[in-house]
Amino acid sequence: AGLHVGHPLGYIATDIYARFKRLKGFNVLNPMGYDSFGLPAEQYAIQTGTHPAITTENNIARYREQLDNIGFSFDWSREVRTSDPSFYKWTQWIFMQLFNHYYDKTADKAVKISDLVERLKTEGNANINAVCDEDTPSVSAAEWNAWSEKEQQLFLLKYRLTFPEESFVNWCAQLGTVLSNDEVKDGVSERGGYPVERKLMKQWSMRITAYADRLIEGLNHVEWSESLKEQQRNWIGRSQGASVKFPLAPLTPKGGDTQVPPLGAEGAYIEVFTTRVDTIYGVTFMVLAPEHEYVKDLTTKEQKEEIEAYQSWAASRSDVDRMSEVKKVTGAFTGSYCVNPFNGEKIPIYIADYVLAGYGTGAVMAVPSGDQRDWNFAKHFNLPIISILDGQKDIETAADNTKEGRYINSGIINGMEYKEATNTLISWLEERGLGKGKIQYRLRNAVFSRQRYWGEPVPAYWKDGVPYLIEESELPLVLPKIDKYLPTETGEPPLGRAENWKYSPSQPPQKGGEQNSPALEGSGEAYEYELSTMPGWAGSSWYFYRYMDAHNDATFASKEAVDYWQQVDLYVGGTEHAVGHLLYSRFWNLFMYDLGLVPHTEYAKKLVNQGMIQGRSLYLKLNTGRRLFVDVNLADERDRLYRDVFLQMIEKDNRFEGIKGDEVGGDIDWEKDENGKYYTALTPEVEKMSKRTLNVVNPDDVVAKYGADCFRMYEMFLGPLEDSKPWSTTGITGVQSFLRKLWSLFYDLNTGKNLLTDGEPTPEELKVLHACIKKVSTDIENFSFNTAVSGFMICVNELKSMRCSKRLILNELVVLVAPFAPFIAEELWEALGHITSVLDAQYPTHNEEYLKESEVLYPISINGKKRGEYTFAADASPADIEKVVRAMEVITKWSEGKDIKKVIVVPGRMVNVVI
RNA sequence: GCCCUGGUGGUGAAAUGGUAGACACGCAGGACUUAAAAUCCUGUAGGCAGCAAUGCCUGUGCGGGUUCAAGUCCCGCCCGGGGUACCA
């Protein structure tokens, strides 16, 4: 449907900034491109059979028209499209690099997998300190060398930065794709409302967790909003603590009849993760998640009924339920016990849904004296609460999570303070193999497969159950043609429909243009390509580098180009990308940095989150209680819908089928206006602009009515860029009349006569101009565009009241306005007699001399010596001056021997002396 | 619950710790006009006093505090928006 007025907000801001910097003499790269893979075009293809590439092409043409209408200074020669093979060639290339590297913790960077292979050959993996799968076994050089090719390759997958693995996904059979948690609402897909099931699938995964620490650390070096950085930190969720094994007390009697060997046997244990191992002597019970795998075997006969009832109740509760009932304590006793390894205390084991199966080990050691949730639980189930710190408050009324004080009732750490105690306990655990210091992250590896058509093909094929990459020289691996954009009958992704979608080492795929792989005539081996495609975030994770060298066919961007442009100085986008795109792209950037491909650990120096422009939608409330959105353009300015308009509308709109609106007394209450015409009052609501709510405002319409300059300035004038605000044109006349006033400095609006004069500017005129230069420049640098617009208004109003049409003044003013209102600036620039474009002008700098407030300077004598000058406002009254002079006498007396740097006097206030 | 944000006129909003409400909308009054539109001018936080110029008082969600001086900084609350994971 095209862009709405909310979309250009950020583009206008960056365009103003780009033009401003260009006028200041910088070489500015202000690009635009399209992240053009994705589900909408694919859904449309499924419905209509139109190839997504065609839909994409049409939409881009539409966007381009709208963008051109607003006067952006984008460098279109650098335009990128993520769905273009010449672009995704490099997305695939980066994927291959990820496959060919692993994360070496000692070097703290990505290292070639071939280096790993060399080491495995000679020393096995005993000394390899790398990020890898949890279940990676140790292997000696001899074992490695004895392995088959397949065994070796499967082993290497445990290290590669991208690798296939079996994982649970939200599978929606009707959409034929995997959905994110976000796309699933109440067990059905958000789009279409189809059922969603948990299904185990082989998915490509990205080992982003390898970069968790560096992703956190890097946040300290970028100018991003605190809230955004905080969101990323929380998403990565680093917590430092320890894992502790609690041996199980002998089971008496055993409840379940399944056999999980470790349970009840010698050495069986429950492992927990804790950030407060120092409180371990305060542990009085253990809580497992209801879904914990041990629960069944831990439950005694007597408790079986209660536990099972609790488990099924917990399973029925949604996350929303769990969160809204934070204060209600629930749980059940399993009947079993474990043992505190430090003091041998017998600890009862409970289950409760405040412990989540998906985080840590799904088990918590409960310390009611130090944790409020544990405390509530202990009170509810009448469990003991032991104080373990002498600094702790009264633990009979509430828990106290302090770390202050010395430990009591705490065995080997009695008398110690926090740090020493923690270290002592961890060493104790590590010596006995009962636990260790551990850092836990919330961040999970990122699933990198989509069972869709409209995405980048993964440049890999399968041979004997092992994935191999195609040759780099064979890139791009172009999407094949398929007959329908749906999964195959056997449940394979859409690419499974492509004919001859196979890799043949002897006959590599042809390059350029959409095609299937060559027909595999006669001889030669052929292997199945990977059938899933890459997710939407693949192309968007590195595209900013492509702008630097958009047409390079030899590399993603030449070294010269990357060295020249370095990094993104200013990145404007919405907060919705906080933990998706903005995290993945930082991850890829760090990886590319490790490979020496890019010069910075962070690719975006400054990031600004623009707010959302919301729409005002209108509801029609029917007498039946139904609420229907009505196109905002059909209502009048008082939000009234007239009956004649309504009757026309319902003919075209099938949502109104069966609704009686053509007579009084039908489903709608009609009222008569002053002229006797029937209308009904609509109810307004503010929300996101969307097709569904029929509240979309097209920038083309605003531009047609007020002009692009006015539209640009008004969007800026609405308020701070970061704020969300509803769209409304009520104030646009203010900007419109500003532009008219600006014009009227050059031409008489009635006669069209040129008013320009050649006189020398007066000090007053210079002051007005230079105040404007100063204000507007600093406002742009601070991204305060709304106040910059105010600055223009003040300036023009003052020049107008001075009747100043002097070329020397207006010349500068036009350049100042040019970033905001490029069209009118160009015309006025020409009116001033310039033959070049205003784009080639130089941005003026202000001169403080012209901004001085006063004419009267009073020397101030301190300790008998002249120490400086004091400036009075020009309109200061003699009485005020006298007051100050008297004050200065007092100061002089008081300041003997002190070094006075500055004296500030505010009328009606105290005198401020800076020493 | 936790994290991040924000709370200022009728409205959108301004204010490096220094005369709160710039600028704009809206509204009211006036000028021009046969009239209207357009345009221009004046006024516009609240209260009290005054014929008036003007003067005084109160005001930035609530309660405290720091400071010569607080919308701004600190502490404790209340409410809105965004995020989230009851994360041990």
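Keep in mind that this is a model prediction, so the values were computed, not measured. Throughout, a chain's letter reflects where its sequence line sits, starting with A, and its residues are numbered from 1.
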- prompt: What pairs with K245(A) under side-chain hydrogen bond (donor to acceptor under 3.5 Å, both in side chains), at least two apart in sequence or on another chain?
  reply: none
- line: Residue pairs passing the salt bridge (Lys or Arg N to Asp or Glu O under 4.0 Å) test with at least one member in residues 275-288 of chain A, sequence neighbours excluded, are R276(A)-D278(A)
message: Tell me which pairs pass salt bridge (Lys or Arg N to Asp or Glu O under 4.0 Å) where either residue lies in residues 775-787 of chain A, with sequence neighbours left out.
response: K21(A)-E781(A), K775(A)-D779(A)
- prompt: Would you say the side chain of T275(A) lies within less than 4.5 Å of the side chain of F273(A), judging by non-hydrogen atoms?
  reply: yes
- prompt: So what does N786(A) touch, heavy atoms closer than 4.0 Å: a base, only the sugar-phosphate, or nothing?
  reply: sugar-phosphate
query: With rounding to whole Å, what would you report as the distance between A24(B) and C78(B) at their C1' atoms?
result: 32 Å
message: Does R740(A) reach a base, just sugar-phosphate, or nothing at all? Heavy atoms under 4.0 Å.
response: sugar-phosphate
task: Give the rounded distance in Å between these two atoms: CZ of F717(A) and C1' of A24(B).
output: 4 Å
- prompt: Tell me: CZ of F820(A) to C1' of C23(B), nearest whole Å?
  reply: 14 Å
message: Strictly below 4.0 Å, N to O, side chains only: are K767(A) and E764(A) in salt-bridge contact?
response: no
query: Rounded to whole angstrom units, what separation is found between the OH atom of Y714(A) and the C1' atom of A13(B)?
result: 12 Å
- request: Identify the residue among Y706(A), W727(A), F738(A) that makes a ring-ring contact (aromatic ring centres under 6.0 Å, His included) with Y714(A).
  value: W727(A)
query: Mapping R276(A) and R233(A) to their closest nucleotides on RNA chain B, which lands nearer the 5' end?
result: R233(A)
query: Could you give the CZ-to-C1' distance, from R442(A) to C2(B), as a whole number of Å?
result: 13 Å
- prompt: Whole-Å distance between C23(B) C1' and F738(A) CZ?
  reply: 12 Å
task: Looking at every strand, decide which applies to D371(A) at a 4.0 Å heavy-atom threshold: base, sugar-phosphate, or nothing.
output: nothing
field: pair H770(A)-K774(A): side-chain heavy atoms closer than 4.5 Å
entry: no
- prompt: Do F785(A) and V776(A) come close enough that some side-chain heavy atom pair is under 4.5 Å?
  reply: no
field: Rounded C1' spacing from G18(B) to G63(B) in Å
entry: 25 Å
query: Rounding to the closest angstrom, what is the interatomic distance between A36(B) and G55(B) at atom P?
result: 38 Å
- prompt: How many Å lie between CZ on R444(A) and P on U84(B), as a whole number?
  reply: 16 Å
field: Spacing of the C1' atoms in U8(B) and U66(B) (rounded, Å)
entry: 23 Å
- request: Could you give the distance separating A88(B) and U16(B) at their P atoms, to the nearest angstrom?
  value: 39 Å
query: Could you state the CD-P distance from Q240(A) to A88(B), rounded to the nearest angstrom?
result: 12 Å
message: Using a 4.0 Å heavy-atom cut-off, does S724(A) contact any base of the nucleic acid, only the sugar-phosphate backbone, or nothing at all?
response: nothing
- request: Taking atom C1' in both G59(B) and A70(B), compute the distance separating them and give it to the nearest angstrom.
  value: 14 Å
- request: Starting from P on A13(B), measure out to CE on M713(A) and report it in whole angstrom.
  value: 18 Å
Same-atom distance (P) from U67(B) to G82(B), integer angstrom: 40 Å
field: Separation between the C1' atoms of G10(B) and G21(B), rounded to whole Å
entry: 14 Å
query: For RNA chain B, what is the dot-bracket line, given that a base pair needs Watson-Crick (N1 to N3, plus N6-O4 or O6-N4) or G-U wobble (N1-O2 and O6-N3) geometry with both distances under 3.5 Å, and | means paired with another strand?
result: (((((((..(((.....[....)))((((((.......))))))(((((....)))))..(((((..]....))))))))))))....
message: Does anything in residues 772-781 of chain A come within less than 4.0 Å of RNA chain B? Heavy atoms only, and list the residues if so.
response: none
- request: Identify whether the glycosidic angle of G9(B) places it syn (within 90° of 0) or anti.
  value: syn
- prompt: E271(A): what forms a side-chain hydrogen bond (donor to acceptor under 3.5 Å, both in side chains) with it, not counting sequence neighbours?
  reply: S243(A)
- prompt: Looking at N797(A), does any N or O in its side chain come under 4.0 Å of the phosphate oxygens OP1/OP2 on A24(B)?
  reply: yes
query: Within the pair S728(A) and G12(B), is there a side-chain N or O less than 4.0 Å away from OP1 or OP2?
result: no
